[in-house]
Amino acid sequence: MDNKGFISAEYIFSLFIIIIIACSILFFSESIINSSFNIEDNVEHRLILDEVSGKISQVNSNGVGYSKHIELPSDKGYFEITVDKSKLTIEYEGKKGETFLPLLNVDSKYKLVSGRSYCITKSDEGKIVIS
């Protein structure tokens, strides 16, 4: 400002540049925060899938009649785990993750839903049955 109370062009220009820089920093930090939430969500669902595959592998490696109970959490949102032959697939919020279980002999295709409990058993024929 000069003595008469007028704002100079340099002052307006520097204020405009500061506002642009502040807005770009806010936009950049918002995208970083959103991506960290997305990564956290993906890791949580991947851990659920790994837990289920671990239990199925444990039942498969033990003898006939061995069983294990698993309870899928409901606090992570709705998700479905599909057990098909030697592949486990988790689907949630339009996303999909897979893991493979070698040497797995599954009786048929199963869908496991969040918030429910299941019993994984090795049948007399040596096949994995989920009920």
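In the hydrophobic cluster analysis, where Ile, Leu, Val, Met, Phe, Trp and Tyr join through side-chain heavy atoms closer than 4.5 angstrom, I120 is grouped apart from V64. Follow the hydrophobic side-chain contacts under 4.5 Å out from I21 and you reach F13 in the same cluster. Note: the hydrophobic cluster containing I25 does not contain I33 (ILVMFWY, side chain heavy atoms under 4.5 Å, direct or indirect links).
The OG atom of S114 sits 13.0 Å away from the OH atom of Y92 when rounded to the nearest 0.5 Å. Taking CG of L88 as the start and CG of D50 as the end, the distance is 9.5 Å to the nearest 0.5 Å. Going from atom OG1 of T89 over to atom CG of L112 covers 11.0 Å, rounded to the nearest 0.5 Å. Here the straight-line distance linking atom SG of C23 with atom CD1 of I18 works out to 12.0 Å at 0.5 Å rounding. Annotation: the span from E44 atom CD to D75 atom CG amounts to 8.0 Å, rounded to 0.5 Å.
Residues passing the salt bridge (charged side-chain N to carboxylate O under 4.0 Å, His left out) test with K111 are E80, sequence neighbours excluded. Residues satisfying the salt bridge (charged side-chain N to carboxylate O under 4.0 Å, His left out) test with K87, not counting sequence neighbours, are E98.
What you find for S57 and L101 is that their closest heavy atoms are OG-CD2, 3.3 Å. The two residues T121 and C119 come nearest to each other via the heavy atoms OG1-SG, 3.5 Å. Annotation for V59 and S67: closest pair CG2-C, 4.3 Å, computed over non-hydrogen atoms.
Pairs engaging residues 54-88 under the ring-ring contact (aromatic ring centres under 6.0 Å, His included) rule: H45-F79 [sequence neighbours left out].
Annotation for K95: atom NZ counts as buried by contact number, over 12 foreign heavy atoms lying within 6.0 Å.
The side-chain heavy atoms of K109 and T82, taken from C-beta on, include a pair separated by under 4.5 Å. Between V52 and L72, some side-chain heavy-atom pair lies under the 4.5 Å cut-off. The shortest side-chain heavy-atom distance between R46 and L49 falls under the 4.5 Å cut-off.
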Do N62 and K122 pass the side-chain contact (heavy atoms from CB on, under 4.5 Å) test, and can you show the C-alpha distance, the side-chain angles, and the key distance before you say yes or no? CA-CA 8 Å; N62 284 300; K122 190 163 189 177; over 6 Å; no
